[in-house]
Amino acid sequence: MNATVHPLRKYARPHVTRTTTCPGCGNGIATQAILRAIEELDLRMDDFVFVSGIGCSAWIPSPFFAADTLHTTHGRPVAFATGVKLGLPEKHVMVVSGDGDLTAIGGNHLIHAARRNIGLTVVLMNNGIYGMTGGQTAPTTPRGISTVTSPYGSLEHSFDIAPMIVSAGAAYVARWTTHHPRQLTKAIKKGLTKKGFALIEVVTQCPVQFGRASKLGGAVEILKHFKSNSVRIEKARKMDPAELLGKIVVGEFVDIEKPELSSEWTRLIHSMREGRQ
Amino acid sequence: MNATVHPLRKYARPHVTRTTTCPGCGNGIATQAILRAIEELDLRMDDFVFVSGIGCSAWIPSPFFAADTLHTTHGRPVAFATGVKLGLPEKHVMVVSGDGDLTAIGGNHLIHAARRNIGLTVVLMNNGIYGMTGGQTAPTTPRGISTVTSPYGSLEHSFDIAPMIVSAGAAYVARWTTHHPRQLTKAIKKGLTKKGFALIEVVTQCPVQFGRASKLGGAVEILKHFKSNSVRIEKARKMDPAELLGKIVVGEFVDIEKPELSSEWTRLIHSMREGRQ
Amino acid sequence: MIKARTALAGTHFDMGNWACAEGAIAAGCNFVAGYPITPASEVANYMAKRLPQVGGIFLQTEDEIAAICSVIGASWAGCRALTVTSGPGISLMQENIGFAVSTETPIVIIDVQRLGPSTGVPSIGMAGDIVQVARGSHGDYQIIALCPESPQEMFDLTIRAFNIAETYRVPVFLMADGFIGHMREQIIIPPADQIDLVERRVPTVADPMKRQDFLDIGVAPMPVFGKGLQAHVTSSCHDEHGMRNLTEPAVMHRYVMNPIQKILTHRDQIVEVREDYVNADLVLVTYGTVSRSARAAARLARNQGLRVGTLRLITCWPFPEEAIRKAASRVNNLLVLENNSGQLYPYIRAEAAHASRVEFLGPQFLGQIHDPNAILEKVKEMLA
Amino acid sequence: MIKARTALAGTHFDMGNWACAEGAIAAGCNFVAGYPITPASEVANYMAKRLPQVGGIFLQTEDEIAAICSVIGASWAGCRALTVTSGPGISLMQENIGFAVSTETPIVIIDVQRLGPSTGVPSIGMAGDIVQVARGSHGDYQIIALCPESPQEMFDLTIRAFNIAETYRVPVFLMADGFIGHMREQIIIPPADQIDLVERRVPTVADPMKRQDFLDIGVAPMPVFGKGLQAHVTSSCHDEHGMRNLTEPAVMHRYVMNPIQKILTHRDQIVEVREDYVNADLVLVTYGTVSRSARAAARLARNQGLRVGTLRLITCWPFPEEAIRKAASRVNNLLVLENNSGQLYPYIRAEAAHASRVEFLGPQFLGQIHDPNAILEKVKEMLA
Amino acid sequence: MTRTELTIAGLGGQGSILAGMMLGKAAVAYDGKFATHTQAYSSELRGGFAAAWVIIADEPVEYPRVIHPDILVAQAQDSIDRFASSLKPGGILIMDTDMISNIPESVNGVFRIPATSIARNEVNEPVTANIVMLGALCKCTDLVSRIALEAAIQEMVPKGKTEKNMDAFRLGYERVKGA
Amino acid sequence: MTRTELTIAGLGGQGSILAGMMLGKAAVAYDGKFATHTQAYSSELRGGFAAAWVIIADEPVEYPRVIHPDILVAQAQDSIDRFASSLKPGGILIMDTDMISNIPESVNGVFRIPATSIARNEVNEPVTANIVMLGALCKCTDLVSRIALEAAIQEMVPKGKTEKNMDAFRLGYERVKGA
Amino acid sequence: MSKVDVLSQNCKGVDQCGICKYVCPKDLYRDSKEMNSAGYIPPEMTDEASCTACENCMIYCPDMAIVVHKDAQDGPPAGEGSDD
Amino acid sequence: MSKVDVLSQNCKGVDQCGICKYVCPKDLYRDSKEMNSAGYIPPEMTDEASCTACENCMIYCPDMAIVVHKDAQDGPPAGEGSDD
Ligand SMILES: Cc1ncc(C[n+]2csc(CCOP(=O)(O)OP(=O)(O)O)c2C)c(N)n1
Ligand SMILES: Cc1ncc(C[n+]2csc(CCOP(=O)(O)OP(=O)(O)O)c2C)c(N)n1
Ligand code: SF4
Ligand code: SF4
Ligand code: SF4
Ligand code: SF4
Ligand code: SF4
Ligand code: SF4
Ligand SMILES: [Mg+2]
Ligand SMILES: [Mg+2]
């Protein structure tokens with residue numbers, strides 16, 4: 001039976017035979033969603049450059065994906081990816097990294113990439129915690145939860161990432177949980193075809209660290225929690241803030257057209273060349 | 001006649017006899033607005049710590065104000081101020097700095113301070129340009145404008161700061177232009193009395209750098225531009241995006257109550273002490 | 001000197017990172033800001049729990065830059081402030097380490113070093129940051145760096161770090177590494193009344209133009225905020241009152257040199273070394289965890305009749321020139337051992353080469369401190 | 001070697017920063033990311049205008065960290081990439097300088113140094129960053145740094161910087177300062193066909209597990225992105241294929257040491273010095289702008305019958321050990337001149353002290369290069 | 001100067017490092033000896049490599065590394081592959097037979113215990129496999145006294161889990177086979 | 001080796017540095033000499049201190065700093081306060097009398113010109129005060145030839161402003177008084 | 001022909017993960033008896049005939065340890081499963 | 001008693017600034033003839049009697065170079081001036 005090969009396996013480096021995530025980690029669900037999006041869009045791995053930061057989620061493409069992969073420093077993948085995209089505007093440049101990586105230390109690069117509307121597809125794994133370093137508070141950790149760095153309950157408020165990135169200027173923003181792998185795949189596909197900055201926020205389970213901190217429990221319990229607390233954005237818009245407390249608003253937050261940076265550069269250089277002739 | 005002393009002069013260090021701004025710079029209007037807010041609230045300079053970054057605007061309190069003043073590195077005043085506020089929760093900690101300082105290099109600290117809802121009053125001088133370094137593009141420079149680093153017209157979109165900081169979690173956010181010194185003073189007063197993170201965005205004129213880049217001209221011309229393009233937020237909310245293009249939305253963007261970080265710490269420490277007895 | 005207010009007196013078996021945190025608590029630390037990073041996280045994690053118990057605050061910042069900035073801000077607000085990180089965090093902090101130096105702000109920075117460059121290996125210790133903490137920020141300056149070799153010393157030297165930071169108004173680094181940070185050994189914590197602490201000196205004159213707040217080689221009292229002192233603090237070139245001056249070369253010179261001289265003229269009071277090389281033919285010069293290999297190797301050598309001594313630099317910065325010169329003047333062979341490719345080696349040779357033969361030996365595998373037998377072999381080669 | 005495609009041939013009177021930018025253009029630079037900072041801004045400002053004319057891109061980033069990151073990203077995307085800043089920016093870039101070293105990414109970093117520490121004096125030049133660029137990132141590594149002394153050399157050495165960066169897959173620093181960055185002098189730009197450029201070597205085998213992409217002391221071809229090479233680039237400890245390995249000490253050792261050895265074994269090809277001390281009794285050892293003071297002082301001295309020579313380090317990193325040892329073996333007195341408190345001085349002494357007397361002289365006021373007369377006085381004192 | 005060196009290794013999540021800590025604690029706090037405990041692990045939180053080294057001595061430990069251990073406790077095949085060859089001649093190996101299939105011929109003194117299945121099936125607490133190993137170790141060596149080790153384990157496991165851990169320890173102590 | 005050193009100083013915005021550049025350009029591009037131009041300014045964009053130093057020589061300039069200038073062109077009182085004492089014995093001072101009230105007695109060769117008011121009132125272009133100063137300088141010294149300096153100015157001022165700048169130059173040339 | 005293959009060597013264990021069990025709308029998985037070489041217990045299929053090939057188990061499995069063969073399907077086409 | 005004092009040494013000049021002239025609803029300022037010591041031309045008051053003491057000129061002057069004495073006022077109380 002084990003001769004069967006997973007259909008998405010063809011996108012992986014042959015020598016990488018196992019993932020390094022903990023049992024039940026949502027990162028694997030996102031891995032599949034990304035690869036399935038690529039498959040459904042009929043793209044090749046050579047069309048891609050994957051860029052990631054540091055953290056469990058940053059190991060999604062690195063070293064698993066059989067493509068050009070830039071595994072960068074903590075918090076900086078978007079900044080690196082900006083250089084890659086400007087250098088290779090015709091490639092799909094996808095950033096995959098964690099909530100800590102992209103919104104704590106890397107928050108500034110994220111909002112500026114959204115502002116610039118540079119054509120990156122960012123898959124942001126929001127597990128509400130710092131997984132890799134052992135369960136510290138992330139900017140996404142709900143207020144009141146006791147993590148290893150907030151043992152008396154976090155005193156800070158958390159980011160609502162998707163709408164913040166909308167207000168920073170992104171062209172496409174969607175949020176889904178790992179309980180929504182099919183919608184997630186669709187959103188990634190949309191992000192990949194978008195000419196502009198696309199953020200796909202994936203609310204995901206870290207059963208080991210977040211499960212312990214939140215006392216929600218294991219992978220299945222967190223997935224159940226996602227299921228029962230998700231509210232479609234269309235519905236959420238009609239609810240009042242009090243009702244939305246503790247809910248996870250999912251869906252598409254924005255989807256607009258506006259000039260994308262790398263193509264603006266291509267245009268400018270082209271027009272300078274014309275002007276010269 | 002010159003024996004007359006300006007009524008706000010009492011808030012200044014005696015040995016600092018002149019400002020270092022260019023003729024017609026809006027920073028002086030904000031200087032007065034800040035000092036007048038302090039006067040009208042009947043506060044003393046000893047109730048304050050002023051923190052600023054690097055840039056023309058960062059020189060508003062430093063060395064002019066006769067108070068504890070921390071003139072920090074470029075982009076970091078909010079991070080420094082966070083430490084100051086947690087160490088001296090009973091003081092007013094006011095950050096005064098530029099748009100480049102606070103939203104380019106310092107953007108991350110700004111959104112995180114808003115998220116934490118730490119009790120700082122941030123006066124952000126948005127002149128749409130890097131004044132001090134000679135007129136480079138700022139994240140606030142309107143798309144299309146030719147600055148020294150975007151000689152063919154800026155290809156990037158600009159931040160709409162106030163609403164972005166609302167979505168990051170601030171308790172109070174207002175925006176006024178230097179054409180609105182009285183409203184500005186009121187907003188600063190409100191920010192100072194707010195328990196939580198308050199941002200006052202001041203759209204201001206840099207006649208030297210921005211005036212040149214935008215071709216708007218001198219101080220008076222930019223002020224006129226502010227006057228004719230300002231739209232109150234109440235009205236703006238009823239307008240459609242196309243109509244709002246190029247407009248400056250002014251007014252209060254948010255004014256809510258939520259737990260403030262330094263008092264949450266005071267509370268926690270207090271409760272730990274109680275618990276121990 | 002005052003006495004510590006609290007200390008977890010007793011004998012413990014715990015990690016170096018824990019000892020460091022308890023050392024900070026004993027030293028009266030009441031503000032810690034940090035950002036998680038292996039192998040330093042346990043200090044922050046533990047402080048998050050421990051500080052509120054003693055009335056202190058732990059801030060998990062958005063990054064290491066915010067950590068050091070808020071720590072400096074808290075120090076000016078009157079706190080005893082600390083941040084803890086590893087190499088990548090130190091790299092990010094470099095700009096504002098310079099700010100702390102230039103504004104003469106007492107802070108303690110714990111560097112639990114890991115193997116690098118760059119992301120490297122998070123969990124493996126190495127002495128890779130020993131020069132970067134002293135020379136990694138732009139411009140010219142001096143800081144103080146202490147190098148523990150055991151969990152016990154992570155406790156002891158953390159207290160010392162706070163005391164020297166307050167005495168000299170300077171950032172003090174504790175140069176631990178992942179190896180001792182995660183090492184568990186016996187840690188003896190004395191009772192609070194046996195721990196001496198240096199209190200901060202604060203000026204009393206209200207007008208900053210009538211005080212010397214900065215650039216005093218003898219160390220100026222610190223005009224902390226919130227006391228009506230109207231302190232003006234800037235890391236732009238400033239005069240003795242803290243007032244910005246960007247035009248006068250003489251002020252610029254003082255601005256750079258006086259904080260350097262402040263440290264260098266007190267070098268003798270600051271520097272601590274451990275010398276054990278009477279009658280030696282060769283001295284092993286080390287700092288940090290490698291010192292333990294060196295002592296083991298010296299013992300092995302002596303057992304074989306070779307006269308091998310040790311010189312351990314507990315303080316690495318300001319650089320212990322005098323101690324090196326002394327060793328070079330007494331012993332003909334110096335063998336420098338570092339858990340890196342030889343970062344302090346040039347600094348040591350600079351002081352010793354005129355008088356002695358000086359050689360270097362790195363570990364077989366960087367990140368794993370030297371096998372005493374490998375040292376012994378090199379010693380034999382040098383003494384042959 | 002190929003020839004430059006474009007160059008603004010002719011004689012110009014312009015600033016060093018302009019010359020640097022034109023040097024980059026001649027070197028085929030097609031991607032610049034930067035953040036404004038005095039005294040380096042003119043390079044970026046000018047590049048913003050100039051690059052689109054030659055099909056290149058200028059990105060003004062949100063900060064210096066993003067600048068170096070995007071430059072590294074662009075280099076992997078196949079660009080000839082440069083960033084330009086001053087000390088505060090270098091400090092912020094430290095972490096990702098280490099990333100570039102560890103991933104063996106060719107990039108050029110222009111450091112127009114200013115007086116510091118910290119904010120210091122933006123417009124005044126100083127040689128304060130000369131050690132920080134080599135030792136300021138955590139862990140252990142080697143970079144290359146070139147020190148121009150004139151606007152002409154800011155042109156020449158910028159081209160050289162690109163060539164060595166591509167040859168050795170390493171960040172190369174041009175250590176200018178505010179003084180020559182803003183200095184205007186005659187600048188001669190040769191025609192494009194007289195400018196030699198090194199082309200990047202790219203592998204042809206498609207499977208990274210069948211190639212050596214990293215850790216080759218002889219310098220591996222660079223598997224740039226977008227060519228179907230499935231490059232795996234990480235600054236975590238990795239093997240020859242770029243694959244992460246966080247457990248094997250032997251891999252860790254190679255991970256740190258091979259990129260160091262890559263530079264050190266090519267030291268002779270990389271290092272450039274200017275020696276002019278035949279029959280001298282004393283040699284003035286310098287780098288950067290101070291070299292001009294040194295030559296003027298040597299001339300003054302010779303006019304007075306004193307046999308004074310000069311040794312100028314054009315390459316400061318990798319450290320020109322050999323050149324120092326040679327000078328020390330031939331001349332009895334070395335006088336080191338630096339526009340700082342003596343940052344390279346220990347490195348020089350380390351190589352020279354066994355054979356010569358080595359002394360240091362800083363300028364009267366840091367930030368203002370030495371008055372030749374002050375040097376002369378010190379020379380007389382040493383030769384007395 | 002007596003000095004005994006031990007390596008205990010496994011995969012992330014198997015608790016090798018914690019087991020090493022318990023040994024050190026037992027030696028220092030209850031047996032009145034000196035101990036040095038060091039560790040290494042890869043970045044993966046689960047499944048990666050993890051190891052601890054414990055030196056127990058009558059005097060303060062000078063050189064803190066273990067190069068050639070007297071004892072190797074192996075919780076996974078990976079541990080064997082990494083460390084078996086480092087074992088001191090005459091050193092002993094204690095291994096979890098559920099996780100390890102091949103051991104090199106060079107190793108002589110081998111003690112075997114199916115720790116993972118004992119923990120899973122008999123203790124009903126998979127995470128106690130490391131404690132099973134400690135029980136086995138305690139039986140096979142005189143590194144630390146049984147009473148000291150039991151005390152250290154009780155101090156260091158979560159309250160409420162004491163009994164299960166003591167079961168695991170006892171089962172390890174009783175069921176180890178060899179050498 | 002002839003080498004002439006000049007300091008030109010003023011407040012930010014007065015164009016001292018630009019004037020220095022024009023001198024250097026004139027020397028290198030039109031007089032076939034060598035020149036080194038260096039500068040300093042404070043952070044304020046307007047009103048702060050600004051200075052340029054120009055060395056003009058027949059050979060490449062070795063030591064690039066000006067310590068004791070042969071000529072000081074002063075556009076503000078601040079410039080006098082900073083630099084008058086550095087003037088070489090026998091050096092000359094060219095000053096804007098609108099901006100400067102006190103000069104030290106030590107200075108002998110003084111040339112005076114009301115450059116600010118000429119620029120403002122006669123050229124009707126306040127920013128040309130520096131060009132007025134250059135006119136005066138050109139008249140009082142043989143540092144660069146008039147034709148070279150005029151060419152450099154024309155090359156470096158915005159197109160469309162050439163005439164006003166030439167007026168300013170001429171007025172400076174004609175109206176300077178002293179020594 | 002089988003509809004579902006469990007690649008048991010890839011599985012990280014039903015006790016700590018068990019997502020397949022949770023997402024199968026037909027509740028077709030149970031714990032197997034055998035550990036894999038990493039010490040994890042994979043799931044096993046109880047009743048392949050009832051499988052609708054909805055693919056939930058495949059799509060959700062974080063370790064790509066399950067393959068559903070759609071072509072072997074005889075149930076209704078895969079829909080949006082349980083993921084909303 | 002005067003209502004308005006121009007602290008002319010502080011002024012940065014009506015030509016480059018001139019904000020006072022722009023914001024005075026009564027248009028009471030004009031360029032003075034004298035330069036101050038920094039070379040700037042301050043404004044001068046043309047008709048103090050017409051001044052309403054609205055304080056615009058004081059509040060807007062970026063260099064705190066104008067003082068309006070409200071107590072000397074006889075016009076209507078200061079309102080929100082022209083700043084909206
Ligand atoms: C500069 C720097 N600071 C800190 C770290 C340590 N670090 C590694 S991963 C991480 C957090 C990762 O959290 P997140 O991005 O949420 O990823 P997750 O593991 O939760 O998927 C941190 C702080 C680092 N590698 N570099
Ligand atoms: C780390 C660092 N990078 C760059 C600079 C240079 N710098 C000084 S001020 C400034 C921009 C200021 O712009 P803004 O904050 O908008 O202030 P403004 O001058 O426009 O008021 C910059 C880039 C610096 N001082 N430090
Ligand atoms: S720690 Fe959390 S995020 Fe990281 S691999 Fe484990 S479960 Fe996933
Ligand atoms: S440059 Fe602009 S912002 Fe700076 S002082 Fe001048 S006018 Fe104001
Ligand atoms: S979902 Fe996958 S990894 Fe999880 S238990 Fe099922 S088969 Fe195993
Ligand atoms: S395909 Fe659907 S029905 Fe079949 S086993 Fe998987 S989840 Fe159950
Ligand atoms: S107070 Fe009002 S009316 Fe009077 S001068 Fe000023 S602006 Fe004009
Ligand atoms: S507003 Fe003030 S600075 Fe401006 S011209 Fe009027 S008085 Fe002068
Ligand atoms: Mg996370
Ligand atoms: Mg600005």
Side-chain angles (χ1 to χ4, degrees), chain B residues 13-16 20 44-52 54 58-59 61-63 65-91 93 105-106 108-109 111-113 115-116 118 261-262 265-266 268-273 275-276, chain C residues 30-33 51-81 83 95-96 98-100 102-103 105 107 206-209 223-236 238 241-246:
Chain B
R13 293 185 193 267
H15 74 279
V16 182
T20 50
R44 298 167 322 127
M45 290 309 252
D46 284 355
D47 300 329
F48 279 83
V49 178
F50 292 94
V51 185
S52 62
I54 300 285
W59 287 19
S62 161
F65 291 3
D68 290 329
T69 324
L70 185 61
H71 181 247
T72 72
T73 46
H74 185 45
R76 316 300 170 190
V78 169
F80 281 94
T82 299
V84 172
K85 180 69 183 178
L86 289 172
L88 291 169
E90 71 288 358
K91 296 286 172 187
V93 179
I105 186 167
N108 208 28
H109 308 304
I111 59 176
H112 280 274
R115 172 179 66 75
R116 291 188 178 105
I118 178 139
L261 186 63
S262 70
W265 268 104
T266 308
L268 172 65
I269 289 169
H270 195 76
S271 79
M272 299 276 303
R273 230 173 248 147
R276 276 206 159 175
Chain C
N30 58 359
F31 185 89
V32 173
L51 274 169
Q53 297 171 354
V54 297
I57 289 177
F58 173 80
L59 176 73
Q60 184 179 319
T61 47
E62 54 274 26
D63 62 12
E64 289 88 347
I65 298 176
I68 189 158
C69 292
S70 57
V71 157
I72 297 169
S75 181
W76 279 98
C79 300
R80 287 197 167 223
T83 184
E95 187 195 12
N96 290 290
F99 181 89
S102 145
T103 55
T105 310
I107 56 170
D207 179 355
M209 300 309 287
V224 296
F225 294 163
K227 300 184 185 300
L229 295 171
Q230 300 188 0
H232 189 265
V233 184
T234 178
S235 75
S236 291
H238 52 258
H241 310 296
M243 297 301 157
R244 190 164 42 227
N245 183 322
L246 301 182

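Every chain is numbered from 1 and lettered A, B, ... according to where its sequence line falls, protein lines coming before strand lines. These numbers were taken from a predicted model, which means no experiment stands behind them.
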Top contributor to chain B interface from C:Asp63, C:Ile72, C:Val233, C:Asp207 [non-hydrogen pairs under 4.5 Å] | C:Val233

Side-chain (C:Ser75) to main-chain (C:Val71) donor-acceptor, under 3.5 angstrom | no

Specify which of C:Ala67, C:Ala231, C:Ala81 makes the most heavy-atom pairs with chain B at under 4.5 Å.
-> C:Ala231

Toward chain C, the part of B:Leu268 with a non-hydrogen atom under 4.5 Å | side chain

Quick one: what part of B:Asp46 sits under 4.5 Å from any heavy atom of chain C, side chain, backbone, both or neither?
-> side chain

Highest number of heavy-atom pairs under 4.5 Å with chain B among C:Arg244, C:Lys227, C:Met243, C:Glu95 belongs to C:Arg244

Between B:Ala67 and chain C, which part of the residue has a heavy atom less than 4.5 Å away: side chain, backbone, both or neither?
-> backbone

Interface residue of largest heavy-atom contact number with chain B, from C:Cys79, C:Ala33, C:Gly226, under 4.5 Å | C:Gly226

Residues which pass side chain to side chain donor-acceptor pair (under 3.5 Å) with C:Thr105, listed by chain and number, not counting sequence neighbours = C:Trp76, C:Thr103

For C:His238, what residues pass the side chain to side chain donor-acceptor pair (under 3.5 Å) criterion, not counting sequence neighbours?
-> none

N/O donor-acceptor pair under 3.5 Å between B:Arg13 side chain and C:Met209 backbone = no

Spacing of OG1 belonging to B:Thr69 relative to CZ belonging to C:Phe225, to within rounding of 0.5 Å | 7.0 Å

Between B:His112 and chain C, which part of the residue has a heavy atom less than 4.5 Å away: side chain, backbone, both or neither?
-> side chain

Among the listed options C:Ser236, C:Gly78, C:Gly56, the residue most often paired with chain B at heavy-atom distances under 4.5 Å | C:Gly56

Could you tell me which portion of B:Arg44 (side chain, backbone, both or neither) has an atom closer than 4.5 angstrom to a non-hydrogen atom of chain C?
-> neither

With chain B, the option among C:Ser70, C:Gly242, C:Ser235 that has the most non-hydrogen atom pairs under 4.5 Å is C:Ser70

Whatever's closer than 4.5 Å to a heavy atom in chain C on B:Leu261 counts as side chain

Which atoms of C:Phe31 approach chain B - backbone, side chain, both or neither, heavy atom under 4.5 Å | side chain

Is it the backbone or the side chain of B:Arg115 that comes under 4.5 Å from a heavy atom of chain C, or both, or neither?
-> neither

Heavy atoms from other residues, nucleotides or ligands near NE2 of B:His270 exceed 12 (cutoff 6.0 Å) = no

Would B:Phe80 and C:Phe99 count as a close aromatic pair, with their ring centres under 6.0 Å?
-> yes

